[in-house]
There are 2 protein chains.
Amino acid sequence: MATIGEASRRSGINIETIRYYEREGVVPRPGRSASGRRVYTDDEVAVLAFVKRCRDMGFPLADVRVLLALRNATDDQCDEVRVISQRHIADVRNRIAALRRLETALGALVSECRQGRTACPALQELFAG
Amino acid sequence: MATIGEASRRSGINIETIRYYEREGVVPRPGRSASGRRVYTDDEVAVLAFVKRCRDMGFPLADVRVLLALRNATDDQCDEVRVISQRHIADVRNRIAALRRLETALGALVSECRQGRTACPALQELFAG
DNA sequence: TATCCTTCCTGTTGTGACTACAGGATCAAG
DNA sequence: CTTGATCCTGTAGTCACAACAGGAAGGATA
């Protein structure tokens with residue numbers, strides 16, 4: 001049994017974020033103490049840690065919901081996990097490619113800049129298209 | 001002289017986004033027709049196109065504001081443009097590195113998945129930590 | 001017991017950079 | 001004169017939180 005502060009420390013999720021996940025229905029609502037404070041079981045803390053690992057892997061919350069639901073499923077877990085993960089990998093790869101192109105373009109832009117100049121060729125280039 | 005629709009087509013920025021930029025003070029307010037519609041000069045369309053190129057380069061709007069102000073400055077343009085651009089390049093490189101690590105981790109996760117299985121080792125791994 | 005600091009509560013607002021309406025007015029063409 | 005495209009303002013939604021405001025309760029110390 002843990003307070004929200006302990007659950008936060010043990011899962012690595014910010015307290016405010018834990019309450020946000022609860023509001024959004026990502027994680028189940030924990031019990032409450034006599035004075036109304038949240039009380040987390042070890043299993044509930046484990047769920048929070050799971051969500052944290054998923055988020056660290058970059059899965060959007062919508063995917064995390066599905067992944068959490070799969071935990072209690074008995075059929076085809078692997079199939080669904082693979083589909084979600086491969087979609088996510090494709091997304092990550094696209095983003096890497098886009099950022100690489102951007103890096104190249106920015107490098108070209110900066111190389112236009114020469115120290116001590118007043119009129120900036122890079123700025124001109126951005127402006128002229 | 002262009003309507004907002006023409007300005008949108010020529011700059012490549014969505015109409016709603018143009019209005020948003022105006023509200024936020026990123027671009028100056030254009031003149032208005034007798035009936036209250038926005039009327040853009042060629043220079044104002046060029047500013048929009050400049051903003052579009054900056055955004056395509058991934059500069060945040062805060063940077064775009066500075067870059068736009070630099071257009072009218074006469075001193076040290078190049079220095080400031082270089083500082084902003086290099087900060088942005090560093091940011092882009094950090095993001096690429098983070099995404100690469102993510103790609104590797106996701107690859108490892110998916111390799112745990114094997115077709116036809118019911119219990120998913122990848123899911124177990126996410127859960128166990 | 002009184003005080004004090006920490007932790008907790010709910011509810012609201014802000015972030016970045018838009019996008020998507022709702023509900024209406026105007027314009028241009030046929 | 002009607003139709004359809006375009007335009008207007010203003011508001012709310014997106015994602016995944018973070019940062020308050022304003023208060024209540026818990027635990028340690030004097």
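Just so it is clear: chains get the letters A, B, ... in the order the sequence lines come, proteins before strands, and each one is counted from 1. Nothing here was measured: the structure is a model prediction, and the numbers come from that model.
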**OP:** Report the C-alpha separation of B:Val66 and B:Glu80 in whole Å, then their side-chain angles, then the decisive distance to 0.1 Å, and conclude whether the side-chain contact (heavy atoms from CB on, under 4.5 Å) test is met.
**Re:** CA-CA 9 Å; B:Val66 177; B:Glu80 282 203 57; 3.9 Å; yes
Original post:
Shared ILVMFWY cluster between B:Val83 and B:Val81, side chains joined below 4.5 angstrom?
Top reply: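 In one cluster with B:Val83: B:Val81, no.
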**OP:** Please work out which residues in residues 84-98 of chain A have a non-hydrogen atom less than 4.0 Å from an atom of DNA chain C and list them by number.
**Re:**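 When residues 84-98 of chain A is checked for heavy atoms under 4.0 Å from DNA chain C, there are no hits whatsoever.
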**OP:** For A:Asp91, check side chain to side chain donor-acceptor pair (under 3.5 Å) against everything at least two apart and list the hits.
**Re:**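 Residues passing side chain to side chain donor-acceptor pair (under 3.5 Å) with A:Asp91: none at all.
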Subject >> Under the side chain to side chain donor-acceptor pair (under 3.5 Å) test, residues paired with B:Glu22 that sit two or more places apart >> reply: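 Partners of B:Glu22 by the side chain to side chain donor-acceptor pair (under 3.5 Å) criterion, ordered by chain and then number, come out as B:Arg38.
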Are there any protein N/O atoms within less than 3.5 Å of an N/O atom in nucleotides 24-28 of chain D, and if so, which ones and at what distance?
residue	atom	partner	partner atom	Å
D:dA25	N3	A:Arg37	NH2	3.3
D:dG26	OP1	A:Ser35	OG	3.4

Taking only distance into account, with no hydrogens and no angle test, what donor-acceptor pairs under 3.5 Å do side-chain atoms of residues 5-21 of chain B form with protein atoms, sequence neighbours excluded?
residue	atom	partner	partner atom	Å
B:Ser8	OG	B:Ile13	O	2.7
B:Arg10	NH2	B:Asp42	OD1	3.2
B:Ser11	OG	B:Ala7	O	2.8
B:Ser11	OG	B:Ile13	N	3.2
B:Asn14	OD1	B:Glu16	N	3.0

Original post:
B:Leu48 versus B:Tyr40: any side-chain heavy-atom pair under 4.5 Å?
Top reply: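 They are in side-chain contact.
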Original post:
Less than 4.5 Å apart, any side-chain heavy atom of B:Leu126 and any of A:Cys54?
Top reply: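 B:Leu126 reaches A:Cys54 side chain to side chain.
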For a quick test of your reading: what N or O donor-acceptor pairs under 3.5 Å do the side chains of residues 97-111 of chain B make, sequence neighbours left out?
residue	atom	partner	partner atom	Å
B:Glu103	OE2	A:Arg93	NE	2.6
B:Thr104	OG1	B:Arg100	O	3.1
B:Ser111	OG	B:Ala108	O	2.8

Original post:
Applying salt bridge (Lys or Arg N to Asp or Glu O under 4.0 Å), which residue pairs with at least one partner in residues 54-68 of chain A are found, sequence neighbours left out?
Top reply: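 Qualifying pairs, neighbours excluded: A:Lys52-A:Asp56, A:Asp63-A:Arg87.
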Any chance you could measure [X], atom [atom1], to [Y], atom [atom2], to the nearest 0.5 Å?
| X | Y | atom1 | atom2 | result |
| --- | --- | --- | --- | --- |
| B:Phe50 | B:Arg53 | CZ | CZ | 8.0 Å |
| A:Phe127 | B:Arg71 | CZ | CZ | 3.5 Å |
| A:Leu67 | A:Ser85 | CG | OG | 6.5 Å |

Original post:
How would nucleotides 10-23 of chain D be written as a contact map, 5' to 3', with B for base contact, S for sugar-phosphate-only contact and - for no contact, using protein heavy atoms under 4.0 Å?
Top reply: ------BBSBB---
Subject >> Stepwise side-chain contact (heavy atoms from CB on, under 4.5 Å) check, B:Glu125 with B:Glu112 >> reply: CA-CA 9 Å; B:Glu125 199 177 302; B:Glu112 295 295 315; 3.4 Å; yes
Subject >> Bending between helix ends of the helix from C:dT1-D:dA30 to C:dG30-D:dC1 [5 pairs per end, 10° resolution] >> reply: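 Between the first-five-pair axis and the last-five-pair axis there is 20°.
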Original post:
Mind checking which nucleotides bracket the chain B contacts on DNA chain C, 5' to 3', with an atom under 4.0 Å from a heavy atom?
Top reply: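 So the contact region on DNA chain C extends C:dA17 to C:dC27.
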Original post:
For B:Val39, which residues count as a side chain to side chain contact (heavy atoms under 4.5 Å, CB included) partner, sequence neighbours excluded?
Top reply: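 By the side chain to side chain contact (heavy atoms under 4.5 Å, CB included) rule, B:Val39 matches B:Met1, B:Ser33.
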Subject >> Within residues 63-85 of chain A or reaching into it, pairs that qualify as ring pair (Phe, Tyr, Trp, His ring centres under 6.0 Å) - sequence neighbours excluded >> reply: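 Output for this query is empty, none listed.
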